[in-house]
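Step one of this worksheet: look at the structure below.
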Amino acid sequence: MTVLRPQPFPDRAGRPARHGRSPEVSRSMVAIAVAVAALAALPQTVDAAQLRIDSITGIWTDAEGAPVDGLGTTRIDWGVPLTAAGSSAYAFEGAAPAAIGPFAPGETFDIGTFFHYNFPIDDQLLNGATLDLVIAGRVFPEPAATGSAFLVEQALRFDHQETFNLDDPCPGGTANGIGANVAGCADIVTIGTALPRSEAFVRDDQTFLFSLTGFEGGEASFLTSEATINSVPLTASFLVVEGAADVPVPASLPLLASLIGALGSFGWLRKRAAQS
């Protein structure tokens with residue numbers, strides 16, 4: 001039996017076509033290779049705005065109930081001490097300087113530490129006190145930018161509930177002698193200012209919203225054990241809320257579209273060549 005070898009179709013000039021890839025297929029393969037190489041060379045992340053804090057100060061400016069010493073400073077004391085440990089006190093220690101950050105939008109970070117020196121005193125009981133915070137830093141529309149300075153000034157009210165040490169249960173229904181109540185019922189410090197406490201500012205055509213979010217974990221209240229120094233971080237966060245520059249479309253997307261188009265063309269040309 002004679003086996004006939006299939007002959008290629010003639011080209012447009014009537015000459016037999018040579019076996020191999022058509023010029024169209026070759027060009028598509030080159031386009032695919034270029035697109036793949038360009039995709040591999042691109043960074044795979046998109047940078048976002050950032051915030052850095054350079055300094056934080058907190059000054060006690062007001063108090064109610066017991067007479068206090070230290071208004072206008074970072075610590076206030078009240079009450080006549082009943083032990084050698086001293087009087088009761090509130091204090092604040094800012095987390096900067098040195099500079100802290102940078103932080104990303106929505107990230108929660110510590111701005112300082114609140115202290116309650118909870119020592120036995122006479123019946124001069126504090127009802128509450130106000131802490132004025134001044135927070136300075138820089139915001140960066142992009143990590144590589146030089147940034148713009150900002151200043152946030154906020155007042156936080158701290159409500160103070162003195163407790164009777166021998167109550168059982170303690171306020172809130174917790175048992176005496178365990179946990180925060182290990183040395184008697186813990187006092188309760190509550191941030192009386194509505195949270196989050198926010199302030200907006202505009203820099204580089206972007207609107208930033210800086211928010212004080214409360215004690216660590218977003219809590220508004222803090223149980224302070226008797227006869228000890230209690231401390232807890234104060235926290236904050238920020239957002240870019242409006243007027244922000246549009247997030248750039250990753251450069252890989254147009255290249256990816258080109259790659260998909262090239263693959264489609266390559267497949268069609270191969271199919272056409274096979275049918276020919």
Side-chain angles (χ1 to χ4, degrees), residues 55-98 100 110-135 153-195 197 212-236:
S55 68
I56 303 167
T57 59
I59 301 298
W60 298 98
T61 58
D62 187 39
E64 298 175 4
V68 301
D69 294 323
L71 287 178
T73 73
T74 60
R75 171 172 168 157
I76 54 172
D77 293 79
W78 69 92
V80 177
L82 298 179
T83 70
S87 60
S88 287
Y90 277 176
F92 176 78
E93 183 178 298
I100 57 175
D110 296 350
I111 60 169
T113 304
F114 167 81
F115 295 88
H116 178 209
Y117 294 71
N118 191 356
F119 297 124
I121 56 174
D122 64 8
D123 60 356
Q124 293 180 328
L125 305 181
L126 185 74
N127 294 330
T130 299
L131 178 69
D132 283 2
L133 291 165
V134 179
I135 302 168
E153 299 179 283
Q154 288 287 353
L156 282 183
R157 160 79 183 192
F158 293 81
D159 294 327
H160 191 88
Q161 182 182 349
E162 291 277 1
T163 60
F164 293 101
N165 294 345
L166 299 180
D167 282 354
D168 196 5
C170 296
T174 56
N176 202 332
I178 61 173
N181 305 317
V182 65
C185 291
D187 290 349
I188 304 172
V189 180
T190 302
I191 298 178
T193 307
L195 295 173
R197 181 76 170 175
L212 303 176
T213 54
F215 294 127
E216 184 178 36
E219 298 293 331
S221 295
F222 175 47
L223 295 179
T224 69
S225 297
E226 294 289 331
T228 191
I229 301 173
N230 301 265
S231 65
V232 63
L234 287 174
T235 60

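Just so you know, these numbers come straight off a predicted model, no measurement behind them.
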Where is the tightest heavy-atom contact between [X] and [Y], given as atom of each residue plus distance?
{"X": "S87", "Y": "G79", "value": "CB-O, 3.5 Å"}
{"X": "D77", "Y": "A89", "value": "OD2-CB, 3.4 Å"}
{"X": "D187", "Y": "E162", "value": "OD2-OE1, 3.0 Å"}
{"X": "A220", "Y": "F215", "value": "O-CE1, 3.5 Å"}
{"X": "A186", "Y": "A180", "value": "CB-O, 3.6 Å"}

Supply the atom-to-atom distance [X] [atom1] to [Y] [atom2], rounded to the nearest 0.5 angstrom.
{"X": "H160", "Y": "S88", "atom1": "NE2", "atom2": "OG", "result": "6.5 Å"}
{"X": "W60", "Y": "D132", "atom1": "CH2", "atom2": "CG", "result": "10.0 Å"}
{"X": "L131", "Y": "F92", "atom1": "CG", "atom2": "CZ", "result": "6.0 Å"}
{"X": "D168", "Y": "C185", "atom1": "CG", "atom2": "SG", "result": "7.0 Å"}
{"X": "N118", "Y": "T163", "atom1": "CG", "atom2": "OG1", "result": "7.5 Å"}
{"X": "Q161", "Y": "T190", "atom1": "CD", "atom2": "OG1", "result": "7.5 Å"}

Are the side chains of [X] and [Y] in touch, meaning some heavy atoms are under 4.5 Å apart?
{"X": "V232", "Y": "V189", "result": "no"}
{"X": "R157", "Y": "E64", "result": "yes"}
{"X": "P171", "Y": "I188", "result": "yes"}
{"X": "T235", "Y": "D110", "result": "yes"}
{"X": "L71", "Y": "I76", "result": "yes"}
{"X": "N230", "Y": "F115", "result": "no"}
{"X": "V68", "Y": "L126", "result": "yes"}
{"X": "T74", "Y": "E93", "result": "no"}

*State which residue, out of T213, I56, T113, I191, fulfils the side chain to side chain contact (heavy atoms under 4.5 Å, CB included) condition with L234.*
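That would be I191; it is the only one of T213, I56, T113, I191 passing the side chain to side chain contact (heavy atoms under 4.5 Å, CB included) with L234.
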*Option from I121, L125, D122 for which side chain to side chain contact (heavy atoms under 4.5 Å, CB included) with W78 holds*: I121
*Determine whether the side chains of T61 and T130 contain a donor N or O and an acceptor N or O closer than 3.5 Å.*
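Looking only at side-chain atoms, T130 and T61 do not form any donor-acceptor pair under 3.5 Å.
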*Where does the angle between the aromatic ring planes of Y90 and H116 fall among parallel (under 30°), tilted (30 to 60°) and perpendicular (over 60°)?*
perpendicular
